[in-house]
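All values below come from the heavy atoms of this structure, side chains included, with hydrogens, waters and symmetry mates left out.
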Amino acid sequence: MVRFLHTADWQLGKPYGRVKDQEKQARLKQLRFDVIERLAEVVQREKLEFVVVAGDLFDSIEPTRADVAQACSAIGAIGVPVLAIPGNHDHGGAGSFWHEAWFKNYKDDLAPNLQPLLERKPLHLPGALILPCPLNRQADTEDPLSWLQNYKFDQFDQRPRVVVAHGSVHGFGADELFDSDDENPLTATNRLNLAALAIESIDYIALGDWHGLKKVAAKAWYSGCPEPDRFPKGDNYKSSQALVVQAERCELPQVKLETTGLGAWHQYKHRFGSDADLDLLDKNLQQLIGSRSGIDLLLLELDGNLSLDAGVKLQNRLQQLEARLLRLKLKDHTKLTPNSFELQQLTARSSDPLIARVAQRLQALSGSDDQHKAKLALLALRELHWACMEQNYASN
């Protein structure tokens, strides 16, 4: 029997190009390094024998030396062997950092416990047999598991047998065949055919590439990312964890989830039925992120109707919220329509008859059967309202 940690898809050095603020980019990048300390705490608390990283330790085949040095220092502190296979982001083929002398120097000096598994051949550990399936190119049409098909397992002793692979298993639904970085559907590359394996000869299959937690079969799991890197795709999507695995020859593995992530990625939808729902939005966001700043990311989807004044208040609140978040991804479909009081302020503006006449004309056009004209008229009314508000503020 052996106990170890299954993790994958660290993607150290991930640039987070969709985050425009460089300081926030740096914070998100650092979180991916910080989570290694959380993994080390799990290893030490659970007294695990080794760690398997099922691909994509780094985000690129050309990580910076600074990122490699920082990673090696953190891995060295884990204190047990860390076995890592190359994935599609950091494949082990020609031109990748795995073969560079400078990488080997950092590894030897800072992380002697890090053992890259660049070949498809068994690794004998005191408590387990590791069967690595590294990727040697970013997109491989050959099944990385193919070397284990028809393999003669009877040559091995009774140590637990652990397969480590990176790719997409046959049988995933079409909505799940996504790489979390670019959200492009995977095709026929890096596909893993688990059905072709002699599963009775294997005790656990540690998978990487899918960034969420997923039990594929009794002996096969995706651990997902230890640090989340995208907004949830559904209620069943779970990221931000690693797996403590207890494997024994000819027995089903025991798998325990350990939450590890530091950043919090949220998704929230809100519909405005009236201006009063602005306060409900504040209340629900308070429940979601509390008083935290600089650690949360939010995909916020807004819909419904607000008055023009409420629209101004909404924009002010969104600006304050964005400053607190590492990222605000906003999908705002809110319709801003002047209420009767706002229309009265514009169309009966005795102090400025020109604005009143323009507002009256725009009000008439806003009810046009021509949807394009009606939309433009509402936009113009909104701009006119805001301009008058600014004028009032300036005069006061």
Side-chain angles (χ1 to χ4, degrees), residues 9-36 56-68 70-71 88-90 138 178-185 211-212 224-234 237 239-240 260-270 272 278 281-282 284-304 306 310-336 379 382-383 386 390:
D9 300 288
W10 296 7
Q11 292 189 206
L12 302 174
K14 184 180 176 72
Y16 290 99
R18 294 173 184 171
V19 177
K20 304 306 180 185
D21 188 302
Q22 292 185 354
E23 291 185 3
K24 293 180 178 181
Q25 279 184 351
R27 172 63 176 152
L28 282 165
K29 180 180 175 181
Q30 183 59 41
L31 286 177
R32 306 196 77 78
F33 288 95
D34 292 344
V35 81
I36 302 174
D56 287 353
L57 181 68
F58 290 94
D59 188 60
S60 166
I61 62 169
E62 297 179 336
T64 67
R65 297 194 182 200
D67 284 347
V68 170
Q70 186 175 359
N88 60 307
H89 280 264
D90 61 357
Q138 184 178 25
F178 288 87
D179 178 284
S180 67
D181 258 359
D182 52 24
E183 299 183 351
N184 289 325
H211 287 200
C225 298
E227 179 63 33
D229 67 344
R230 72 177 192 186
F231 297 107
K233 298 192 68 177
Y237 180 83
S239 190
S240 186
T260 56
L262 300 166
W265 295 61
H266 311 284
Q267 187 169 352
Y268 176 65
K269 295 182 180 180
H270 188 84
F272 297 108
L278 267 177
L281 174 64
D282 286 342
N284 292 340
L285 290 178
Q286 173 66 23
Q287 292 177 346
L288 197 63
I289 65 174
S291 59
R292 297 188 301 273
S293 293
I295 198 68
D296 295 84
L297 300 92
L298 174 64
L299 169 55
L300 180 61
E301 299 181 59
L302 301 177
D303 203 349
L306 290 175
V312 173
K313 294 177 182 177
L314 174 62
Q315 293 305 312
N316 291 335
R317 295 181 190 188
L318 290 177
Q319 287 181 358
Q320 293 177 358
L321 179 64
E322 187 171 21
R324 292 178 54 196
L325 298 170
L326 286 176
R327 182 187 180 193
L328 173 61
K329 182 177 181 181
L330 181 63
K331 295 183 178 180
D332 189 1
H333 303 291
T334 308
K335 295 178 181 177
L336 301 182
L379 289 173
R382 186 200 320 175
E383 296 298 324
W386 288 348
E390 290 179 357

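- Between His270 and Phe272, the angle of the ring planes goes over 60°, which puts this pair in the perpendicular group of the 30/60° scheme.
- If you take CG on Leu281 and CG on Leu300, they are separated by 6.5 Å, rounding to the nearest 0.5 Å.
- Note that CG of Asp296 is 7.5 Å distant from CG of Leu326, once rounded to the nearest 0.5 Å.
- Minimum heavy-atom separation, Pro228 to Gly263: CG-O, 3.6 Å.
- Each of His266, Lys329, Arg327, Arg230 was checked for a side chain to side chain contact (heavy atoms under 4.5 Å, CB included) with Leu299, and the lone residue meeting it is Lys329.
- For Thr260 against Pro226, the heavy-atom pair with the smallest separation is OG1-O, 2.7 Å.
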From CA spacing to verdict: side-chain contact (heavy atoms from CB on, under 4.5 Å), Gln267, Glu301: CA-CA 8 Å; Gln267 187 169 352; Glu301 299 181 59; 3.4 Å; yes
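- Proximity of Ile295 to Ile289: side-chain heavy atoms (C-beta onward) are nowhere separated by under 4.5 Å.
- With sequence neighbours left out, the side-chain contact (heavy atoms from CB on, under 4.5 Å) criterion links Ser60 to Glu62.
- Considering only residues two or more places apart in sequence or on other chains, Arg324 meets the salt bridge (Lys or Arg N to Asp or Glu O under 4.0 Å) condition with none of them.
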Return a table of donor-acceptor pairs under 3.5 angstrom between the side chains of residues 22-30 and protein atoms on other chains or two or more places apart.
unit_1 : atom_1 : unit_2 : atom_2 : d
Lys24  : NZ     : Glu322 : O      : 2.9
Lys24  : NZ     : Leu325 : O      : 2.6
Gln25  : NE2    : Tyr16  : O      : 3.2
Gln25  : NE2    : Val19  : O      : 2.6
Lys29  : NZ     : Asp67  : OD1    : 3.4
Lys29  : NZ     : Asp67  : OD2    : 3.3
Gln30  : OE1    : Gln70  : NE2    : 3.1
Gln30  : NE2    : Asp34  : OD1    : 2.8

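- A distance of 7.0 Å separates CD1 in Ile36 from CG in Leu57, rounded to the nearest 0.5 Å.
- Using a 4.5 Å heavy-atom threshold, the side chains of Pro63 and Asp90 count as separate.
- Annotation for Asp332 and Gln315: closest pair OD2-NE2, 3.9 Å, computed over non-hydrogen atoms.
- For the pair Asp229 and Asp9, the minimum side-chain heavy-atom distance is 4.5 Å or more.
- In this structure a side-chain-to-backbone donor-acceptor pair under 3.5 Å is present from Tyr237 to His211.
- If you take OH on Tyr268 and CG on Leu285, they are separated by 6.5 Å, rounding to the nearest 0.5 Å.
- Taken to the nearest 0.5 Å, the CG atom of Asp303 stands 6.5 Å off from the OG1 atom of Thr334.
- A distance-only check finds no donor-acceptor pair linking the side chain of Asn88 to the backbone of Asp56 [under 3.5 Å].
- By the 4.5 Å heavy-atom criterion applied to side chains, Cys225 and Arg32 are counted as neighbours.
- To the nearest 0.5 angstrom, Leu302 atom CG is 14.5 Å from Lys335 atom NZ.
- Contact annotation: the side chain of Lys331 never approaches that of Lys269 to less than 4.5 Å [non-hydrogen atoms, C-beta and beyond].
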